Structure formats: C-alpha cells, structure tokens
Asks: 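Have a look at the structure that comes next, please.
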Amino acid sequence: MASAKPVRKLEFQPKKPFIIGVAGGSASGKSSVCSKIVEQLGQEDIDSKQRRVAIISQDSFYRELSEEELTEAKRGNFNFDHPDAFDTEKTHAIIKAIQNGEVVDIPSYDFGMATTSTSPAFKIYPSTDVILFEGILTLYFKEIRELLDMKLFVDTDSDTRLSRRGKSYV
C-alpha cells in the first residue's frame, strides 16, 4: 500500500498593486501626467470597483489642524506645502492596507474648512493593479517612499509653474 503524500495547505496571498509615487513642484503637471497615464490605459471611464489603475492625491492626507492653525489657514497664513501639514501615519497605514489587498476608503479633505470630510472621496478595491500616488511631497517621507515600487519626478521650469499657479487663481 502506497503512503499518502502530505497535503500542502495553500495560503491566499492578496495581489499587491504596483504603487508609483509621482512628485514635483506645485503646478508642475503631476495630476496631468497621472490623468494621461490613466487615459492611455483606457481606465478613465471604468467603474471604481473594476478600475485597474487609480490615482490617489496626497491632498487627501492633510492632517487635522489645531484651532490656532485653523484660524491661520482661514487667513491664508498656513503653509499647506510644508511636510508638517500631512498626516504621514494615516498615509502609511492606507498604503499598507492597499498593499494587503484590503478595500480602502481614501479620505476627502475639505480645503474650505481645513478638515477631513466624514465621507470618503472614493474607495480603492483589491482589483486595482496600479496606484498613482501624486503630490508635491510624495517622495519626501522615507517611510512612504519605501512603500513605493517606482518613483517619478515631474520637473517643470519654475516660470511655467508660476504662470500655471497664477492662472489657477484668476
């Protein structure tokens, strides 16, 4: 009688999406580059549950401001481009959850109120193959940078960036 071979238990390993950090100065074209990638891959009109490529903006991860900071922000005196303006722990936790194959709510930041909205901006589903994480400081934080599979820097002439910023305020 032949002896039975031991049965190996297969463990489910969630698919890990490829995460690309897209950084660059203010008005450098980060969002445009990401949108063009999504468009070229034919993903712009796909339902979020079926989408294979998604864009997450670092703007979703501003931290809650203190009362004093909130007052300064309403006066236009708070620097939202400073590393201290971001909730790095929340960003790290959400990227790790995405890597673990979890359905993740991406926060929505309300600039008018300088607070995180109670309802999420959108969800990331395990079916997503590529995440484009864009923002001015996406490559700044070491603990975030280490989670990225690829890093892109959009380098645009400062005069062009300044011109684009001026147009956005008109």
Side-chain angles (χ1 to χ4, degrees), residues 16-46 48 51-65 69-70 72-99 104-117 120-125 128-170:
K16 182 179 175 243
F18 192 78
I19 302 177
I20 303 170
V22 182
S26 182
S28 62
K30 300 173 297 297
S31 297
S32 296
V33 166
C34 291
S35 294
K36 194 66 171 175
I37 291 170
V38 169
E39 178 188 319
Q40 290 294 307
L41 294 173
Q43 295 289 299
E44 73 275 14
D45 294 325
I46 308 267
S48 62
R51 187 171 279 195
R52 307 300 291 267
V53 181
I55 301 170
I56 300 174
S57 174
Q58 188 179 29
D59 289 355
S60 294
F61 299 97
Y62 282 108
R63 66 176 174 78
E64 293 291 325
L65 302 182
E69 291 169 328
L70 190 55
E72 290 301 307
K74 287 180 180 178
R75 292 182 185 147
N77 295 327
F78 184 82
N79 186 357
F80 284 97
D81 292 345
H82 191 279
D84 290 343
F86 294 96
D87 187 338
T88 310
E89 289 179 19
K90 181 189 284 185
T91 307
H92 187 272
I94 286 179
I95 292 174
K96 288 298 287 179
I98 290 169
Q99 289 178 328
V104 178
D105 288 331
I106 301 302
S108 176
Y109 193 80
D110 181 339
F111 282 95
M113 300 299 291
T115 60
T116 302
S117 173
F122 60 96
K123 293 181 183 289
I124 297 290
Y125 294 90
T128 308
D129 293 322
V130 177
I131 304 288
L132 299 162
F133 179 50
E134 68 88 13
I136 60 170
L137 295 173
T138 56
L139 305 180
Y140 178 83
F141 302 101
K142 182 180 184 208
E143 59 271 28
I144 304 300
R145 193 172 56 244
E146 289 175 344
L147 298 176
L148 304 174
D149 298 301
M150 179 184 282
K151 295 125 188 128
L152 300 176
F153 188 85
V154 180
D155 188 16
T156 305
D157 179 73
S158 59
D159 289 339
T160 301
R161 293 188 303 115
L162 182 59
S163 170
R164 289 176 182 167
R165 280 298 286 258
K167 287 178 186 175
S168 68
Y169 291 112
V170 175

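Quick note: residue numbers are just sequence positions, from 1. Atom set for the values below is all heavy atoms of this structure, side chains included, hydrogens, waters and symmetry mates excluded. From a predicted model like this one, the values you see are computed outputs, not experimental measurements.
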Asks: Under the side chain to side chain contact (heavy atoms under 4.5 Å, CB included) criterion, do V154 and V22 qualify, and how do the steps go?
Replies: CA-CA 7 Å; V154 180; V22 182; 3.9 Å; yes
Asks: So how far is it from H92 NE2 to I144 CD1, rounded to the nearest 0.5 Å?
Replies: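 Taking NE2 in H92 and CD1 in I144, the distance rounds to 5.5 Å.
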Asks: Yes or no on side chain to side chain contact (heavy atoms under 4.5 Å, CB included) for T91 and F141, after CA distance, side-chain angles and deciding distance?
Replies: CA-CA 10 Å; T91 307; F141 302 101; over 6 Å; no
Asks: May I ask you to test the I56-I98 pair for a side-chain heavy-atom distance under 4.5 Å?
Replies: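 Sidechains of I98 and I56: in contact.
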Asks: Is any side-chain heavy atom of I20 closer than 4.5 Å to a side-chain heavy atom of L152?
Replies: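 A side-chain contact exists here, since the closest heavy-atom pair is under 4.5 Å.
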Asks: I need the single residue from S60, S117, P120 that forms a side chain to side chain contact (heavy atoms under 4.5 Å, CB included) with S108. Which is it?
Replies: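 Among the candidates, only S117 passes.
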Asks: Main chain of I19, side chain of D149: is a donor-acceptor contact present, judged purely on distance under 3.5 Å?
Replies: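 Judged by distance alone, yes, a pair lies under 3.5 Å.
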Asks: Look only at the side chain of R161 and the backbone of G29, and say whether a donor-acceptor pair between them is shorter than 3.5 Å.
Replies: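 Absent.
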Asks: Do S163 side-chain atoms and D159 backbone N/O form a donor-acceptor pair below 3.5 Å?
Replies: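 Not confirmed, S163 side chain does not pair with D159 backbone.
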Asks: Inspect the surroundings of NZ in K36 and state if more than 12 heavy atoms from other residues, nucleotides or ligands are less than 6.0 Å away.
Replies: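 For K36, atom NZ is not crowded (no more than 12 foreign heavy atoms under 6.0 Å).
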Asks: For the residue pair K123 and D105, what are the closest heavy atoms and their distance?
Replies: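 Scanning both residues completely, I find the closest heavy atoms to be NZ-OD1, 2.6 Å.
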Asks: Apply the test side chain to side chain contact (heavy atoms under 4.5 Å, CB included) to residues F78 and L70: give CA-CA distance (whole Å), side-chain angles for both, the deciding distance (0.1 Å), then the verdict.
Replies: CA-CA 8 Å; F78 184 82; L70 190 55; over 6 Å; no
Asks: Minimum heavy-atom separation for L65 to A73, with atom names?
Replies: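 Of all heavy-atom pairs spanning L65 and A73, the closest is CD1-CB, 3.9 Å.
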Asks: Let me know which of F80, Y109, Y62 forms a ring-ring contact (aromatic ring centres under 6.0 Å, His included) with F86.
Replies: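 For F86, the ring-ring contact (aromatic ring centres under 6.0 Å, His included) test succeeds with only one of F80, Y109, Y62, which is Y62.
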Asks: Check this for me: Y140, atom OH, are more than 12 non-hydrogen atoms of other residues, nucleotides or ligands nearer than 6.0 Å?
Replies: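 No - once you tally the heavy atoms of other residues, nucleotides and ligands closer than 6.0 Å, there are 12 at most.
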Asks: With sequence neighbours left out, what residues match T116 under side-chain hydrogen bond (donor to acceptor under 3.5 Å, both in side chains)?
Replies: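 Partners of T116 by the side-chain hydrogen bond (donor to acceptor under 3.5 Å, both in side chains) criterion, ordered by chain and then number, come out as E64.
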Asks: Give me the atom names and distance for the closest heavy-atom approach of K151 to L139.
Replies: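 Of all heavy-atom pairs spanning K151 and L139, the closest is CG-CD2, 3.4 Å.
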Asks: Please report the C-alpha distance between I94 and I106 in whole Å, then the side-chain angles of each, then the deciding distance to 0.1 Å, and finally whether the side chain to side chain contact (heavy atoms under 4.5 Å, CB included) criterion is met.
Replies: CA-CA 8 Å; I94 286 179; I106 301 302; 3.9 Å; yes
Asks: Might you point out which heavy atoms bring I131 and P17 nearest each other, and give the distance in Å?
Replies: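 What the structure gives for the nearest pair is CG1-CB, 4.2 Å.
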Asks: Starting at CG of L132, measure out to CD1 of I37 and round the result to the nearest 0.5 Å.
Replies: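 Going from the CG atom of L132 to the CD1 atom of I37 covers 5.0 Å.
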Asks: Tell me if a side-chain donor or acceptor on E134 pairs with a main-chain N or O of K30 at a distance below 3.5 Å.
Replies: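 A pair under 3.5 Å: no.
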Asks: Considering all heavy atoms of both residues, which atom of D81 and which atom of L137 are nearest to each other, and what is their separation?
Replies: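 Reported closest heavy-atom pair: O-CD1, 3.5 Å.
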Asks: With R145, which residues qualify under salt bridge (Lys or Arg N to Asp or Glu O under 4.0 Å), at least two apart?
Replies: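 Per chain and number, R145 pairs via salt bridge (Lys or Arg N to Asp or Glu O under 4.0 Å) with no residue.
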Asks: Taking side chain as C-beta onward, heavy atoms only, is L147 less than 4.5 Å from Q99?
Replies: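 Yes. Closest side-chain heavy atoms under 4.5 Å.
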Asks: In chain order, what residues pass the ring pair (Phe, Tyr, Trp, His ring centres under 6.0 Å) check against Y125, with sequence neighbours excluded?
Replies: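 Ring pair (Phe, Tyr, Trp, His ring centres under 6.0 Å) check on Y125 returns nothing, list empty.
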Asks: Could you pull out the closest heavy-atom pair between T88 and E143, with the gap in Å?
Replies: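 Minimum heavy-atom contact is CG2-OE2, 3.0 Å.
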Asks: In Å, rounded to the nearest 0.5 Å, how long is the span from OG1 of T156 to CG of L162?
Replies: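 Output value for this atom pair is 13.0 Å.
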Asks: Just to verify, which of E69, K74, R75 counts as forming a side chain to side chain contact (heavy atoms under 4.5 Å, CB included) with E72?
Replies: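 Among E69, K74, R75, the one meeting side chain to side chain contact (heavy atoms under 4.5 Å, CB included) with E72 is R75.
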